[in-house]
Novice: 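One structure, as structure tokens, below. Some questions next.
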Amino acid sequence: VQLQASGGGLVQAGGSLRLSCAASVRTFSNYGMGWFRQAPGKEREFIAAINWGDGRTVYAGSVKGRFTISRDSAKNTAYLQMNSLEPEDTAVYYCAVSRSTIVTRTGQVDYWGKGTQVTVSS
């Protein structure tokens, strides 16, 4: 399985970006897909997760209300809509797939995508 993340870039504080994660093969009817991020000098942290089958979502407290995860089964693609971005959101963002129905920990991840850089200027 290959995951291709895209959509990162440079944005001013308060702005928005939408990340995409395309899977190379048809997933995984009840698998979990998630987004994680890693800032310089920090551990990779969970951001948002979605169950591919029923669309259940889970968010980290730091992004709840600002970020929205969604999926398009026909396109085998998941999205992360990021609004009201803050400089603290600056990080490399990774998408991930897990056989767990909801993936919130790095230890649950079976496949990682290459990261995409998000930089938020103040």
Side-chain angles (χ1 to χ4, degrees):
V1 175
Q2 291 185 333
L3 303 173
Q4 183 64 49
S6 61
L10 174 64
V11 64
Q12 288 187 333
S16 299
L17 283 173
R18 188 177 81 156
L19 306 183
S20 299
C21 179
S24 63
V25 297
R26 187 170 187 82
T27 43
F28 314 108
S29 60
N30 202 33
Y31 282 26
M33 180 171 271
W35 288 95
F36 293 75
R37 68 186 181 188
Q38 188 165 18
K42 295 188 177 181
E43 294 186 350
R44 193 168 298 187
E45 64 173 352
F46 163 73
I47 295 301
I50 189 167
N51 177 267
W52 201 263
D54 62 18
R56 283 179 295 138
T57 58
V58 177
Y59 295 93
S62 60
V63 305
K64 197 169 186 179
R66 300 189 297 125
F67 291 11
T68 302
I69 189 172
S70 61
R71 90 275 194 232
D72 184 331
S73 299
K75 296 182 179 179
N76 289 343
T77 300
Y79 303 96
L80 184 68
Q81 177 66 43
M82 305 186 295
N83 298 329
S84 302
L85 283 162
E86 304 167 352
E88 293 73 22
D89 295 316
T90 295
V92 177
Y93 283 68
Y94 298 88
C95 60
V97 166
S98 172
R99 292 176 179 83
S100 301
T101 55
I102 288 286
V103 53
T104 60
R105 294 180 284 109
T106 57
Q108 294 176 295
V109 175
D110 293 295
Y111 304 99
W112 288 103
K114 292 184 180 179
T116 183
Q117 177 71 46
V118 171
T119 303
V120 184
S121 63
S122 56

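Heavy-atom basis, side chains included; hydrogens, waters and symmetry copies ignored. Positions are given from 1 along the sequence.
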Novice: Please list, chain by chain and in numerical order, all residues satisfying side chain to side chain contact (heavy atoms under 4.5 Å, CB included) with Ser70, sequence neighbours excluded.
Specialist: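 Expected list: Tyr79.
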Novice: Is a side-chain N or O of Asp110 found less than 3.5 angstrom from the main chain of Arg99, in a donor-acceptor match?
Specialist: yes
Novice: Can you list everything that forms a ring-ring contact (aromatic ring centres under 6.0 Å, His included) with Phe46? Sequence neighbours excluded, please.
Specialist: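 In terms of ring-ring contact (aromatic ring centres under 6.0 Å, His included), with neighbours along the sequence ignored, Phe46 is linked to Phe36.
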Novice: Carefully, step by step, assess Met82 and Ser16 under the rule side-chain contact (heavy atoms from CB on, under 4.5 Å).
Specialist: CA-CA 5 Å; Met82 305 186 295; Ser16 299; over 6 Å; no
Novice: Please find the pair of heavy atoms, one from Trp52 and one from Ser73, that lie closest to each other, and give the distance.
Specialist: NE1-OG, 3.7 Å
Novice: Going by the side-chain hydrogen bond (donor to acceptor under 3.5 Å, both in side chains) test, which pairs reach into residues 112-122, not counting sequence neighbours?
Specialist: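 Residue pairs passing side-chain hydrogen bond (donor to acceptor under 3.5 Å, both in side chains), neighbours aside: Gln117-Thr119.
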Novice: Going by disulfide (SG to SG under 2.5 Å), name the pairs with one or both residues in residues 76-115, residues two or more places apart or in two chains.
Specialist: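 Counting only pairs at least two positions apart or across chains, the disulfide (SG to SG under 2.5 Å) contacts touching residues 76-115 are Cys21-Cys95.
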Novice: Set out, in order, the CA-CA distance, both residues' side-chain angles and the distance that settles side-chain contact (heavy atoms from CB on, under 4.5 Å) for Val120 and Gln12, then state yes or no.
Specialist: CA-CA 5 Å; Val120 184; Gln12 288 187 333; over 6 Å; no
Novice: Rounded at 0.5 Å granularity, tell me how far OG1 in Thr101 sits from CE in Met33.
Specialist: 14.0 Å
Novice: Sequence neighbours left out, what pairs pass disulfide (SG to SG under 2.5 Å) with at least one residue falling in residues 53-94?
Specialist: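 As it turns out, there is no disulfide (SG to SG under 2.5 Å) pair with a partner in residues 53-94 once direct neighbours are skipped.
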Novice: Taking only residues two or more places apart in sequence, or in another chain, which ones meet Arg105 in a side chain to side chain contact (heavy atoms under 4.5 Å, CB included)?
Specialist: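 Scan of Arg105 (side chain to side chain contact (heavy atoms under 4.5 Å, CB included), adjacent residues dropped) gives Gln108.
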Novice: Are side-chain heavy atoms of Phe67 and Asn83 found at a separation under 4.5 Å?
Specialist: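 Result no, sub-4.5 Å side-chain heavy-atom pair not found.
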Novice: Check whether any side-chain heavy atom of Arg71 sits under 4.5 Å from a side-chain heavy atom of Thr77, and report yes or no.
Specialist: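 Heavy-atom side-chain distance check fails, nothing below 4.5 Å.
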Novice: Is any side-chain heavy atom of Val118 less than 4.5 Å from a side-chain heavy atom of Thr90?
Specialist: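 No, every pair of side-chain atoms sits at 4.5 Å or beyond.
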Novice: Do Thr68 and Leu80 make a side-chain contact, defined as non-hydrogen atoms from C-beta onward lying under 4.5 Å apart?
Specialist: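 The answer is no; the side chains never approach within 4.5 Å.
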Novice: Can you find a heavy atom in the side chain of Gln38 that is under 4.5 Å from one in the side chain of Tyr93?
Specialist: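 With C-beta onward as the side chain, the pair stays apart.
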Novice: Show your reasoning for whether side-chain contact (heavy atoms from CB on, under 4.5 Å) applies to Val97 and Val109.
Specialist: CA-CA 6 Å; Val97 166; Val109 175; over 6 Å; no
Novice: State the CG-CD1 distance between Leu19 and Ile69, to the nearest 0.5 angstrom.
Specialist: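 That separation rounds to 10.0 Å.
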Novice: Between Arg66 and Asp89, is there a side-chain heavy-atom distance shorter than 4.5 Å?
Specialist: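 Touching, per the 4.5 Å side-chain cut-off.
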Novice: Can you find a heavy atom in the side chain of Ser62 that is under 4.5 Å from one in the side chain of Arg37?
Specialist: yes
